[in-house]
Amino acid sequence: MSFDKNSVKFNILSGTSMACPHVTAAAAFIKSFHPDWSPSAIKSALMTTAWEFKASLSPQAEFAYGSGHIDPVKALNPGLVYETSFQEYLKTWCNFTNANCTAKLSPKEINYPSMAVRVEVGVAVSESFPRTLTNVGARSTYVASIEGGTSKLRFKVDPNTLRFTKRNQKKNFVVTVKGSKMKASTINSASLVWTDGVHRVRSPIVVYTRNDGKRASVGNLLCVGNGSRLWPESACVSVRATVVTL
């Protein structure tokens, strides 16, 4: 408008609000190549092919930058995806309501492309995450490895080799995390990586404690950060799928 003297030809904005339209466009881009993919498959492809950020970037680690910086072109060919059904979300929701549900699902059991658990302060860590991978590429054999992490945590992937003989084939595995006692306001993270020599399917694993030492729910809920302390419940929604900077 001619009377608006505050207008500029361009601007630069950052944060989750600006990341949303960029990620939406990336999802639409992937959908145009794979019209049969579900929203969860697209989200998984974006998350597991994202560029990993260094923990030194933020003291809140994955709570600040999620799975990393998206690579839409790489996400077109992720190799494997984590499919999450509506029923899984519904059964997980039942854990947080008084609804009369016929079945419930622990948050850490939902087939999500990341894994996170909040543990008690001063108690030895012993948690497991069951997952299912779907092959969206050619027949191949994937081998699991754990990258990063700390000597305080031990990881086991069972089985650690998955052989896919056809497209859309599904394979199950379980990640078990064990470790020593953790202090309050602690974050320990690592990455589970499945690779067949061509594809690299990475999932963040985060084990953390509250700042007040109280026990809370476990699962894949990660706080969105916003410079908050560890970790007010109001800020905890879900692991960030991508970064723009997200």
Side-chain angles (χ1 to χ4, degrees), residues 40-41 43-58 61-63 65-71 73-84 108-117 119 124-167 169-180 182 186-208 218-220 222 239-243:
S40 65
K43 183 175 184 178
S44 174
L46 286 168
M47 290 177 65
T48 59
T49 59
W51 307 341
E52 183 179 6
F53 283 170
K54 294 181 179 179
S56 58
L57 211 71
S58 169
E62 282 82 1
F63 290 94
Y65 50 72
S67 292
H69 195 299
I70 61 171
D71 185 339
V73 175
K74 197 172 183 179
L76 290 175
N77 182 25
L80 305 172
V81 295
Y82 294 84
E83 288 271 17
T84 312
K108 67 178 180 178
E109 294 177 304
I110 192 169
N111 199 44
Y112 204 73
S114 70
M115 305 165 206
V117 58
V119 298
V125 177
S126 181
E127 303 288 348
S128 60
F129 302 88
R131 290 293 187 272
T132 301
L133 280 167
T134 302
N135 181 34
V136 292
R139 57 185 300 173
S140 192
T141 298
Y142 287 80
V143 178
S145 63
I146 300 295
E147 296 183 356
T150 170
S151 59
K152 295 181 180 180
L153 294 178
R154 303 181 304 279
F155 299 88
K156 180 182 179 181
V157 184
D158 186 27
N160 65 352
T161 301
L162 299 177
R163 295 180 175 85
F164 295 91
T165 59
K166 58 184 178 181
R167 192 178 182 85
Q169 185 177 14
K170 297 181 183 295
K171 294 285 185 177
N172 302 322
F173 68 94
V174 178
V175 176
T176 302
V177 184
K178 293 183 180 293
S180 56
M182 292 172 57
T186 300
I187 304 175
N188 288 322
S189 58
S191 292
L192 166 66
V193 178
W194 289 97
T195 182
D196 63 349
V198 176
H199 305 92
R200 189 173 186 274
V201 187
R202 186 182 65 87
S203 295
I205 307 174
V206 181
V207 181
Y208 66 103
V218 298
N220 306 302
L222 294 183
V239 62
R240 293 188 181 189
T242 54
V243 177

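Note that this is a predicted model, so its numbers are computed, not measured.
A ring-centre distance under 6.0 Å is found for Phe63 and Tyr208.
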Apply side-chain contact (heavy atoms from CB on, under 4.5 Å) to the pair Val206 and Asn188, showing each step before the final yes or no.
CA-CA 6 Å; Val206 181; Asn188 288 322; over 6 Å; no

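Note on ring orientation: taking the six-membered ring where Trp is involved, the planes of Trp194 and Phe173 are perpendicular (angle over 60°, cut-offs 30° and 60°).
Counting only heavy atoms from C-beta outward, the side chains of Val119 and Glu127 approach each other to under 4.5 Å. Inter-residue side-chain proximity for Leu192 and Arg202 is flagged as unmet; no heavy-atom pair is nearer than 4.5 Å. Under the 4.5 Å side-chain criterion, counting only non-hydrogen atoms from C-beta, Val177 is in contact with Val125. Here the side chains of Val201 and Thr195 are not in contact, with every heavy-atom distance at 4.5 Å or above. Inter-residue side-chain proximity for Val175 and Arg131 is flagged as unmet; no heavy-atom pair is nearer than 4.5 Å. In this structure, Ser114 and Ser203 have side chains that are not in contact, with every pair of non-hydrogen atoms separated by 4.5 Å or more. Put simply, the side chain of Met47 reaches to within 4.5 Å of the side chain of Tyr112, judged on heavy atoms.
A pairwise comparison of heavy atoms in Gly179 and Leu153 identifies CA-CD2, 4.0 Å as the closest pair. Between Ala45 and Thr49, the shortest heavy-atom contact is O-OG1, 2.6 Å. Across all non-hydrogen atoms, the minimal contact from Val157 to Ala144 is CG1-CB, 3.8 Å. Closest of all the heavy-atom pairs between Ser40 and Glu83 is OG-OE1, 2.9 Å.
Put simply, the side chain of Thr186 never gets that close to the backbone of Met182: no donor and acceptor are under 3.5 Å apart. A donor-acceptor pair is defined here as one N or O able to donate and one able to accept, closer than 3.5 Å; such a pair exists between the side chain of Thr48 and the backbone of Ser44. A donor-acceptor pair under 3.5 Å links the side-chain atoms of Asn111 to the main chain of Thr132, judged by distance alone.
Every side-chain contact (heavy atoms from CB on, under 4.5 Å) that Val174 has, sequence neighbours left out, goes to Ser128, Pro130, Thr176. With sequence neighbours excluded, the residues forming a side-chain contact (heavy atoms from CB on, under 4.5 Å) with Ala190 are Ile146, Phe155, listed by chain and number.
Salt-bridge check for Glu147 with Arg200: passed, with a basic side-chain N closer than 4.0 Å to an acidic carboxylate O.
The only option from Ser67, Ser189, Ser191 that meets the side chain to side chain donor-acceptor pair (under 3.5 Å) definition with Glu62 turns out to be Ser189.
Residue Arg163 qualifies as open at atom CZ: its count of foreign heavy atoms under 6.0 Å is 12 or below.
Residue pairs meeting the side chain to side chain donor-acceptor pair (under 3.5 Å) criterion with at least one partner in residues 133-146, sequence neighbours excluded, are Thr134-Lys170, Ser140-Asp196, Tyr142-Asp196, Tyr142-His199.
Lys152 and Ser180 share no side-chain donor-acceptor pair at under 3.5 Å.
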